[in-house]
**Student:** 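Okay, handing you the structure first.
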There are 2 protein chains.
Amino acid sequence: MPKSDHRIRVTKMLIRRAFTEILRNKPIQSISVKELCETAGINRGTFYSHYTDIYDLMKKMEEEMLEDFQQALQPLLEVHEEDMTPVKITAGIFQCLKENADICTVTLGPFGDKEFAARLIRIGRDNYVESYQRFFKGATPRQLEYYYAFVSAGCIGMLERWLAEGMHTSAEEMADMAEKIMMYGIGFLRGEKAKEEVKEDYPV
Amino acid sequence: MPKSDHRIRVTKMLIRRAFTEILRNKPIQSISVKELCETAGINRGTFYSHYTDIYDLMKKMEEEMLEDFQQALQPLLEVHEEDMTPVKITAGIFQCLKENADICTVTLGPFGDKEFAARLIRIGRDNYVESYQRFFKGATPRQLEYYYAFVSAGCIGMLERWLAEGMHTSAEEMADMAEKIMMYGIGFLRGEKAKEEVKEDYPV
DNA sequence: AGGTATTTCAACACCGTGTTGATTATTGTT
DNA sequence: AACAATAATCAACACGGTGTTGAAATACCT
C-alpha cells in the first residue's frame, strides 16, 4: 500500500500551482475546471479523480493549511514557561501565515473565502476565550462575545493588510502592534503609558 | 418618458426577494439564473434585460444599500455640534444597517461578499483617518494604517455577529461597546477606569 | 520484470448560459 | 377609450462547461 504515489503528488502540485496562479487575476467563481486543467497541463479527468469541483479543491487546500497552522500553534500554547508571552505566541501565528503566504494571500484576499478566515479565528478562540472568561468575571458573556468578535476580526483585518502589502513588516512587529491594540485600543497610538496598570491583570 | 414603469419595479422586487430568499441557505456561487427566475416566478429573458448575471444583481443591490448608507451617514457627520459624540455617530451607523438588515445579513453573512464589507469600511475611513492623522502626530503612518485596518475589520466582525444573533442588542449599546473597545482595548472588559485619562485627547 | 495504480484520451449526455425574434400584456399619454 | 411605447413571455437556438465512461497508455513500487 503505497501511501503516496509520486504521480499523485506531482499532479496535485501542478493543480495547486495553477490554481493560485489563476486566482491572482481572477475571482474563484469564474475559474472553470477546464481552464484550470489547461494551465496545469493535466487531463480534466485526472482532476475529477482527486476533487469534485473547484470549491472542493479550495476547501482541501485550506484544510491542509489549517493543519499546518494548528500544528505550528500547538507548541506555542503548550509551553507554560514564563518567557512565553502573548506577544511571542501572536508573533508565531503571524510567522506561520507568512510561511503559507501563497495560499493565504488568495484565500484572505478580496476574492477569498470568508469561511476560511472564520475558521482561522475559531482556532484561537477556544484557547483564549476561556482564560478571558475566567479572568474578567465582571464582564457579561455578551460583552466577552463581542469583544472576541471584534479583536478576532480585527486581527484578520490587520493580517489581510499585511499580506496585501507584501509582508514587509516583521512578524514580531505585527504581533506587537496587534497585541497593543487589543490591550490599549487607541492608546496604542499614544504610546504605552497605560501598560503597567493593566499588565499584572492580564492572563498568561 | 416614463421614469419608472410599474412593471419594472415589480419585476425587480420579485428578483431581489427571490435572491435574498435563496441566499439564505445556499452560497451565491451555486445560484443559477434559471433557479432564481423560477423561484421569482419570472421569465429568464426578463432577468437578462435588467442584469447581466447573478453577480451583477448582487453588485447593484449592494450599490443601492451603500447609497442609503452614505445618505444616512451624511447628516451625522456634517453636524458639528457638541452633542454629536462619536458614539452617536456609530450608533447611527448600526441603526442604518439594522434597517437594511435583509441585504446586510446575506452580504455580510458567511456566504457574503468580502468586497461589500471592504467598501463599507472605506466609507468611514476617509472621514475618520484624517482626524486621527492630524491628532496622533507621534504615530507613524504605518501604525495608523494598521490601527485602522484593525478597528474597521473589528467593527465589521462585531456587526456580523450582531446580525447573526438577530440584532437583539440595541444599536446604541452596540455602538457603545464598539467605541469602548476601540478606545480602551481589553480595558473595556474591566470597566472604564481609564476613560478620563484619554477622553480629553480624543478628536471629536 | 511484474502487477498495480494513475493518467490520458475521446466520446458522451446533460445542463445552464446568453441571445434571438415573434407574441402577448401592461403601461403612460392623448 | 384608443394609442403607441414599453415590458414581459415564450420557444428555440448555438455555445460551452460539466461530470462520467471505458479503453489504452504510462508510470510507479517491490
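We name chains A, B, ... by the order of the sequence lines, and we start the count at 1 in each one.
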**Student:** What residue pairs, at least two apart or across chains, pass ring-ring contact (aromatic ring centres under 6.0 Å, His included) with a residue in residues 151-178 of chain A?
**Tutor:** A:Phe94-A:Trp162
**Student:** Of all heavy-atom pairs between B:Leu108 and B:Ala117, which one has the smallest distance, and what is that distance?
**Tutor:** CD2-CB, 3.8 Å
**Student:** Is the shortest side-chain N to carboxylate O distance from B:Glu35 to B:Lys26 below 4.0 Å?
**Tutor:**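 Looking at B:Glu35 and B:Lys26, the cut-off is met.
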**Student:** Short question: side chain of A:Glu173, backbone of A:Ser170 - any donor-acceptor pair under 3.5 Å?
**Tutor:**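 Looks like no, no N/O pair under 3.5 Å.
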**Student:** Examine C:dT6: is either OP1 or OP2 under 4.0 Å from a nitrogen or oxygen in the side chain of A:Thr46? Give yes or no.
**Tutor:**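 For C:dT6, OP1/OP2 do not have a side-chain N/O of A:Thr46 under 4.0 Å.
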**Student:** May I have the distance from B:Phe47 (atom CZ) to D:dA7 (atom P), rounded to whole angstrom?
**Tutor:** 17 Å
**Student:** Ignoring the backbone of B:Asp5, work out which of D:dA7, C:dT7, D:dT9 is nearest its side chain.
**Tutor:**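 Nucleotide nearest to B:Asp5's side chain: D:dA7.
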**Student:** What is the separation between atom OH on B:Tyr55 and atom P on C:dG18, rounded to the nearest whole Å?
**Tutor:** 12 Å
**Student:** Would you mind reading off the distance between B:His50 atom NE2 and C:dG18 atom P, rounded to a whole angstrom?
**Tutor:** 16 Å
**Student:** Which heavy atom in B:Met177 sits nearest to a heavy atom in A:Tyr146, and how many Å separate them?
**Tutor:** CE-CD1, 3.5 Å
**Student:** Any side-chain heavy-atom pair from A:Thr11 and A:Phe47 closer than 4.5 angstrom?
**Tutor:**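 No, side chains not in contact.
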**Student:** Below 3.5 Å is the cut-off: list the nitrogen or oxygen pairs between protein and nucleotides 24-26 of chain D, distance only.
**Tutor:**
none

**Student:** If a pair satisfies side chain to side chain donor-acceptor pair (under 3.5 Å) and one of its residues is in residues 59-69 of chain B, list it, with sequence neighbours excluded.
**Tutor:**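 Pairs touching residues 59-69 of chain B that pass the test: B:Arg16-B:Glu64, B:Asp56-B:Lys60, B:Glu62-B:Thr107, B:Glu63-B:Arg119.
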**Student:** Quick one: side-chain contact (heavy atoms from CB on, under 4.5 Å) partners of B:Glu38, sequence neighbours excluded?
**Tutor:**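 side-chain contact (heavy atoms from CB on, under 4.5 Å) list for B:Glu38, sorted by chain: B:Lys34.
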**Student:** Heavy atoms under 4.0 Å is the rule here; annotate nucleotides 15-21 of chain D 5' to 3' with B where the base is hit, S where only the sugar-phosphate is, and - elsewhere.
**Tutor:** --SBBB-
**Student:** Would you call B:Lys114 and A:Glu160 a side-chain contact if the rule is heavy atoms closer than 4.5 Å?
**Tutor:** yes
**Student:** Within the 4.5 Å heavy-atom criterion, are A:Gln95 and A:Glu99 side-chain neighbours or not?
**Tutor:** yes
**Student:** My validator wants the stems of DNA chain C: runs of 3 or more consecutive Watson-Crick or G-U pairs, both distances under 3.5 Å, written as range with range.
**Tutor:** C:3-27 with D:4-28
**Student:** Separation of B:Arg9 atom CZ from D:dT6 atom C1', in whole Å?
**Tutor:**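 Rounded to whole Å, this separation is 14 Å.
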**Student:** Tell me the interatomic distance from B:Glu38, atom CD, to C:dG16, atom C1', rounded to whole angstroms.
**Tutor:** 11 Å
**Student:** What is the separation between atom CD1 on A:Ile8 and atom C1' on C:dT4, rounded to the nearest whole Å?
**Tutor:** 12 Å
**Student:** Rounded off to whole Å, could you give me the NE2-to-C1' distance for the B:His6 and D:dA8 pair?
**Tutor:**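 Atom NE2 in B:His6 sits about 14 Å away from atom C1' in D:dA8.
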**Student:** Tell me whether A:Arg17 is salt-bridged to A:Glu21, with the criterion being a basic N under 4.0 Å from an acidic carboxylate O.
**Tutor:** no
**Student:** Rounding to an integer number of Å, can you tell me how far B:Asn43 CG sits from C:dG21 C1'?
**Tutor:**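 In whole Å, C:dG21 C1' lies 13 Å from B:Asn43 CG.
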